[in-house]
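Read through the structure below, which is laid out as structure tokens, and then see the notes.
Quick caveat, the model's predicted, so the values are computed rather than measured. Whatever order the structure lists them in is the order used to number ligands and atoms, beginning at 1.
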Amino acid sequence: MAVDENQIACFSDSAARAAATIVETVKEDGLIYVFSHLDADGISAAGIIGKMLARLDAKFRIQVTQWINDKTVSEILSEKPQLIVFSDLGSGYIDFINDKLATFKTVILDHHQIIGEEKDNIVQVNPHVHGIDGARDISGAGVAYFVAKAIDKVNIDLAPVAVVGALGDLQDKYDQRLLGGVNEKIVEDATSAGLLTVEKDLIFFGRETRPIHRTLASTTNPFIPGISGEEDKSLAFLASLGIKPRDGEKWRALRDLSDEEKKRLCSALADYLFSKGLRYEVTNLIGHVYTLNNEEPWTPIRDAREFAVLLNATGRMDKPSLGVAVCMGDRGSALEASNKVLEDYRRAISKYLGWVMEKPERMKELENIYVIYGESFINDKIVGAISSILSASLPNPEKPLIAYANVEEEGLAKISARTMDTMTNKGINLAEVMQVAAGKLQGKGGGHNVAAGAQVPMESIGTFIQIVNELIGKQLKGEKIGS
Ligand code: C5P
Ligand code: ZN
């Protein structure tokens, strides 16, 4: 779906209104309290806002959080900020904010589906208001970027961070993994400033940091049977093509291949996939690669997709301030510590994936959905990543997946739901399902049509799963499920 210039103009106007509210608060020397979402997009957004406020010499505080709840309200009440900024979250909580924070001047910079109608103390910037698809055409970091740019053009140097946020939210849904819609404008800003290069290339993850055979072995998109998951076979495959895996002592990464070597590798992989009858996967070998020109080669922040995973790791492993600092420009201690966190995160993910696969009762197939019973084993901050990874390789890819984990200290179950893009054409809207099902059980749910979440009291999880199973069935039959 292309975005038209009128929509972008209206959206930009609302970003300018939010910008004016922020500048006004800074002029009054008021405290600005920023709450941003815990994932890669939310952390990118927090970094953009943080840098923009630092440049204004503003008084501010940033907190990265998984959700807005009574704890958030008590923190706000004790700090008494002159302005609250909710970033990459907020639009799903408008009734709550109206109810509990009515006396605070508030800016919401979000791209999630809107639930409720804001009162006059709130300035909301959200692409959905202007008919722009927030699930794929602009991310939370993109919304923050528009506001930062409206405040001062100097913030155009933050455009690459907004690109990282959009890729973190998997918005590269246009042909050959291209960012489109409003994101295209942000990419243009970044490339015009010489900060970003976009090229079509082999799309495998890890192009800057992983030895080539590991990049091939770890790929799930495209999935290459006989090579995915098999490092030895990947090495042998490279050898058969005369591609050297090392340069002296150093393993070569995909970035180090010459154009001729890349062509050789690509056509050999294409032949191989064809021979296995996997025509569709051949089209997935090449995609748009986003490279941050000013970052050091061979580091995880040179490739925008690897950068997003690094940020996600800091958030999910309870170290989001490291990710925010990196987005604000720290290339010293915060980056070094983030790299360590990334290793821990990878270990945690593989531990959880192994755990799910170990026993059949940990992942079940119901009539309309798959369910992963993460309970107290999977960390509630990581269950979303597990849901995303496993949803890409389901026996029946048309069935949505929900995974949950308990948040013992809050007495809640945290649920993460995922489905394929094409299911939205068949009537599936997971944000709506999460909202309606959680709403029936004193919980809270929302998000995007293909990726949504909820939290419900722990004792209600069984009923919640049943309700979700039924609601998905209704959506597939074209029935309305609205509350
Ligand atoms: O937590 P998870 O990654 O599964 O969330 C998927 C999406 O749904 C995220 O964009 C998240 O912000 C959103 N969400 C929401 N309301 C909730 C839980 C998740 O809008 N209660
Ligand atoms: Zn987001």
Side-chain angles (χ1 to χ4, degrees), residues 35-49 64-69 72 86-97 108-116 125-128 133-145 161-171 182-183 308 311-312 315-316 372 374 378-391 400-405 407 410 412-419 429-439 441-457 464 468:
F35 291 86
S36 197
H37 190 220
L38 182 86
D39 64 4
D41 183 34
I43 292 174
S44 306
I48 291 170
I49 296 169
V64 172
T65 178
Q66 203 165 1
W67 41 54
I68 300 174
N69 57 18
T72 324
F86 290 115
S87 143
D88 193 36
L89 86 186
S91 293
Y93 296 85
I94 290 180
D95 292 335
F96 184 85
I97 297 170
I108 297 176
L109 310 178
D110 198 3
H111 68 131
H112 291 97
Q113 291 182 13
I114 300 168
I115 306 171
V125 187
N126 187 313
H128 291 286
D133 181 357
R136 64 155 71 187
D137 286 343
I138 184 166
S139 73
V143 176
Y145 171 74
V161 183
V163 170
V164 169
L167 291 170
D169 261 7
L170 309 181
Q171 297 201 321
V182 190
N183 282 321
L311 295 181
N312 211 3
R316 307 293 174 187
I372 293 173
I378 299 182
N379 180 318
D380 63 282
K381 295 204 171 91
I382 304 186
V383 73
I386 298 300
S387 192
S388 296
I389 294 169
L390 289 175
S391 71
L401 170 68
I402 70 168
Y404 77 89
V407 195
E410 311 224 15
L412 293 172
K414 159 80 187 84
I415 302 104
S416 279
R418 302 287 185 273
T419 193
N429 180 343
L430 292 180
E432 208 176 41
V433 171
M434 291 292 110
Q435 185 202 344
V436 173
L441 300 166
Q442 273 96 45
K444 175 90 191 66
H448 306 294
N449 47 19
V450 294
Q455 53 275 6
V456 297
F464 179 84
V468 171

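- In this structure Lys444 satisfies the salt bridge (Lys or Arg N to Asp or Glu O under 4.0 Å) test with no other residue, sequence neighbours excluded.
- Geometry at the Zn ion (ligand 2): NE2/His111 and OD2/Asp169 form an angle of 90°, nearest 10 degrees.
- Residues Gln113 and Asn429 have side chains in contact (heavy-atom distance under 4.5 Å, counting atoms from C-beta outward).
- Not one N/O/S atom of His112, from backbone or side chain, sits under 2.8 Å from the Zn ion (ligand 2).
- Among all heavy-atom pairs drawn from Ser139 and Ala166, the shortest one is OG-N, 3.5 Å.
- Protein residues having at least one heavy atom under 4.0 Å from any atom of ligand 1 are His37, His112, Lys414, Ser416, Arg418, Lys444, Gly445, Gly446, Gly447, His448, Ala451, Ala452, Gly453, Ala454, Gln455, listed by chain and number.
- Using a 30° and 60° split on the angle between ring planes, His448 and His112 fall in the parallel class, below 30°.
- Looking at Asn69 and Thr72, their side chains do bring a donor and an acceptor atom within 3.5 Å of each other.
- Between the side chain of Asp169 and the main chain of Gln171, no donor-acceptor pair closer than 3.5 Å is present.
- Atoms CG and CG, on Leu109 and Asp88 in that order, are 10.0 Å from each other to the nearest 0.5 Å.
- Looking only at its N/O/S atoms, Asp88 has OD1 as the one nearest to the Zn ion (ligand 2).
- Among the backbone and side-chain atoms of Asp110, no N/O/S atom is found under 2.8 Å from the Zn ion (ligand 2).
- Between the Zn ion (ligand 2) and Asp41 there is an N/O/S contact shorter than 2.8 Å.
- Between the side chains of Asn126 and Ser91, a donor-acceptor pair is found at a separation under 3.5 Å.
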